[in-house]
Structures are given as C-alpha cells and as structure tokens.
There are 2 protein chains.
Amino acid sequence: MATDAIPASAADRNISRIIGRSPTTKCPAPFLSKTYDLLEEQEEENNNIKVVSWNGEGSGFVVWCPAEFSVLMLPKYFKHNNFSSFIRQLNTYGFKKVASKRWEFQHEKFQKGCRHLLAEITRKKCEPSAFPTYLNPCEKNTLLARAGENTTRQLLMEENKNLRKERMELQMQIAHFKTLEMKLLQCLSECVENTHNKARRLL
Amino acid sequence: MATDAIPASAADRNISRIIGRSPTTKCPAPFLSKTYDLLEEQEEENNNIKVVSWNGEGSGFVVWCPAEFSVLMLPKYFKHNNFSSFIRQLNTYGFKKVASKRWEFQHEKFQKGCRHLLAEITRKKCEPSAFPTYLNPCEKNTLLARAGENTTRQLLMEENKNLRKERMELQMQIAHFKTLEMKLLQCLSECVENTHNKARRLL
DNA sequence: GGGAATATTCCC
DNA sequence: GGGAATATTCCC
C-alpha cells in the first residue's frame, strides 16, 4: 500500500465529525478513495500486463482489461464484481468516459498525485430535505406533494376571494347605475313633460 | 435447498415485468426471499447446535448465536457479515423483536411454510418517487393526496376563470352605464336648457 | 448515462 | 428503531 494511501473509513469520518472539520476539508467518499487506492497499488506492482492504470498525463485512468479488472480487482475494494456497477459509481461522481475505444475515465478533481482533491468531488444526486427529521418519508412525501399544491391553492383561493369581492363591488356599482338610470330617465321624462306643459300653458 | 425455495432474483422480476403480473402477485424483495431461504436451508441441516431457526409455532424466527450467524451465514446470502445490517433490514421491512432475552423476530406475513406471503411484505421507507412503479400504500397515499389537491385546484381554477369572465362582463356593463349616464345627463341638460330657452322665448 | 429500488453503512 | 448517506442492482 502506498504511504499516502489513507483510506476513507468510518473512523476518518468520525474524527472529522468530532474535531469539527469544515465540509471543504472532510474526507472523500469511500468510492473515490478506494478507486484512488486501487490505482496507486496497481502502480507499485510491476505486472507484465496492465489491467488498470493512470493515463499518460495522470489526468485520468484506463481500465485496460475490464474482465480481469472486474473479477480480480473489484471484489478487493468493493462488495461486488460487476463492471457496470463500477461504471455506475463513476457516473454518479461525475466522471466522463473520454475515449471511444477504451475504458478511459476522467474527472477534473481525480488526478494522479492529488489525493487531496478527492474530497472536492461530490455525488451528482443530492437534494437537501426541507422537512423535519421526525416525519417519516411517507409523510414527507405527502407533504412534499401538498406543499406545491398548497402554495398554488392558497394563491388561487386568495385571488378567488378578491375576485368575489370585486364582483360584489361591481354589482353594487351596477345597481347604483341602474337606479341612477331610472332616476335620470324619470327626470328626463319629467323634464320633457314639464317643457311640454310649460309650453302649453304659455301658449 | 428446499423444493419451494424459489429465490427472488432479477430474472423473476424481469419475468414478472414481461408477463405483466399484477403488483399483488409480484415476487418478494430479495432480502425476504433470502432470509426465508436461509431458514429453510438451516432446517434441513441436522446440526448439533442451532444457529438460527423458526420458532416453535413457525410464526417467527430466532437467531440463537448472533456471532456465528453473522460470520458463517450472512455472507452466504448477503454482501456483508454485520448482524446490525441484518437487523436494519428487518426493521426496514417491519419485523418486530418479540423477546427481550433472545434475538427473536416476527412479521405477520413471515411464517414458516408460507413463502407466498412474502410478496405482501413491503418496505417501510418509500422514496419520493414522482412516477409510477408498483403502488405500495404509502405511494397510494401520496397519489391520493395529490389527486385531491388537483381536484381542488382544478375547481378553484375553474371558479377563478368564471369569476374573471364575470368581472369583465360587469366592467363592460359599468362602462355602458357610464356612457348612458353621460348621455342622459347631456340629454337632461339639453332638455332643461331647451325648456328654459323655450320658456324665455315664449315669455 | 442516469432514474429509481433495494442494500449496506453509519450515526443518533 | 430509524433517518440518511452511500453502494449496488436493475432497468430504460
């Protein structure tokens, strides 16, 4: 094992928690440490045939023999021997396949000699929960479903209430206009009649 | 292996999917099948010391020797040898510890000779998945919650739309009344003036 | 390549 | 006993 090969373990994370190291200095995800370890340890062994290695620039790595890699190496570091599960993890952590004809992967923060960069690599999936921890996932789920709906519903109900109030006011205005119209017509009618009568009297 | 020991495998689930079996007849979770297998297979072996077995009534099971169980049996069925991980899974599927002095667990649907009941056991946790999978009770709740909210929302939106339409119509009526009022006032004014002039001319 | 279910680990 | 992060599997 390389001297700088400090595997990310539960103990590490515990220490990290106890001494209160900030998130930026926390230990890397186990998957990343193990993959880095794996490459470093292969580096030391002078095998005739390389199964996996850093690429020429140390900016990524190549799985030269996927079958041998899966059967011989994966179980030493992980709880499986499936190449596809390894690839799934690489994708989860944002690695990119950078060659079409060989299994070469790169990640900006995964470089030969730069173990300290591993801690800056994060999983793609991470949605911080907005709900208190005492709720079970089912309740959270229900609330989550309702949260958006409630906001929308409340807005709709508010608008609704305002619209009804407006309607009432408009209807009162109309009632007022109707009364006014009647009065004006009455007035006009009287006025016309008045004019007529006045004219007749005067004539 | 017992003759009825049909492990829940990816193949099973695939077949289940292909032939379109309903959710109620889908195969049990791998954890449940494996735990059932484990008990059935132990049953057949006439060991001097029982490490794990069904209880007397077949209504649950007992891990008599947790250490041996963890080291010797767990790795044969699972990807670990931790008793606590096994317990965590039992809890996830709703098993209850039913004795204080030994590791005895029960679940209503986990009974000796009743492998078919396993498929009715569901995980407690339901992930916030927005899209259709098999409907467990939790997911149903969520969907029901959403359905109710949606119905309410749709009704509110409908009422809202109608209220806006009404408002528009009322505002048009008001505009009409305003015009009418002006005309009537104009008319009245002219009428009054007319009367006045006519009277003056006649006098 | 990635969504989602299940499994395993870690911690409270 | 269970929440949550990570790992592994399965499927599209």
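Residue numbers start from 1 in every chain, and the chains themselves are labelled A, B, ... in the order their sequence lines are given, proteins ahead of strands.
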Practice task
Would you check if there is a donor-acceptor pair between the side chains of A:Trp54 and A:Gln111 at a distance under 3.5 Å?
Solution key: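 A:Gln111 vs A:Trp54: no donor-acceptor pair found between side chains.
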Practice task
Using only side-chain N and O atoms of B:Asn82, determine if any of them is under 4.0 Å from OP1 or OP2 of C:dT8.
Solution key: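 Indeed not, no polar side-chain atom of B:Asn82 lies that close.
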Without decimals, in angstroms, what is the distance between [X] [atom1] and [N] [atom2]?
| X | N | atom1 | atom2 | result |
| --- | --- | --- | --- | --- |
| B:Ile87 | C:dC11 | CD1 | P | 19 Å |
| A:Arg123 | C:dA4 | CZ | P | 14 Å |
| B:Phe86 | C:dT6 | CZ | C1' | 16 Å |
| A:Asn81 | D:dA7 | CG | P | 17 Å |
| B:Lys124 | C:dA5 | NZ | C1' | 18 Å |
| A:Phe95 | D:dA7 | CZ | P | 12 Å |
| B:Phe78 | C:dT6 | CZ | P | 15 Å |
| B:Ile121 | C:dA7 | CD1 | P | 12 Å |

Nucleotide of [options] approaching [X] most closely (side-chain heavy atoms):
| X | options | value |
| --- | --- | --- |
| A:Gln89 | C:dT8, D:dT8, C:dG2 | D:dT8 |
| A:Lys79 | C:dG1, D:dG2, C:dT9 | C:dT9 |
| A:Ser85 | D:dG1, C:dG2, D:dT9 | D:dT9 |
| B:Pro30 | D:dT6, C:dA7, C:dT8 | C:dA7 |
| B:Phe31 | D:dG1, C:dA7, D:dT9 | C:dA7 |

Practice task
Please name the residue in the list A:Ile121, A:Leu118, A:Leu117, A:Thr122 that meets the side-chain contact (heavy atoms from CB on, under 4.5 Å) test with A:Pro28.
Solution key: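 Running side-chain contact (heavy atoms from CB on, under 4.5 Å) over A:Ile121, A:Leu118, A:Leu117, A:Thr122 with A:Pro28 returns exactly one hit, A:Leu118.
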Handout entry: Note: A:Arg115-A:Glu40 ion pair, threshold 4.0 Å (strictly below)
Key =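 No, A:Arg115 and A:Glu40 are not salt-bridged.
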Problem - Carboxylate-amine/guanidinium proximity below 4.0 Å for B:Lys112 and B:Glu43 - result: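 Judged by the 4.0 Å cut-off on N to carboxylate O distance, B:Lys112 and B:Glu43 do form a salt bridge.
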Problem - Donor/acceptor link under 3.5 angstrom from A:Arg88 side chain onto base of C:dG1 - result: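 For A:Arg88, whose side chain was compared with the base of C:dG1, there is no donor-acceptor pair (under 3.5 Å).
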Exercise for the section: Remember a base hit wins even if backbone is also touched, and classify A:Tyr93 as base, sugar-phosphate or nothing at under 4.0 Å, heavy atoms. Expected result: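 It contacts sugar-phosphate atoms only.
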Problem - Aromatic ring pairing A:Phe110/A:Phe95, orientation class (parallel under 30°, perpendicular over 60°, tilted between) - result: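 A:Phe110 vs A:Phe95 ring planes: perpendicular.
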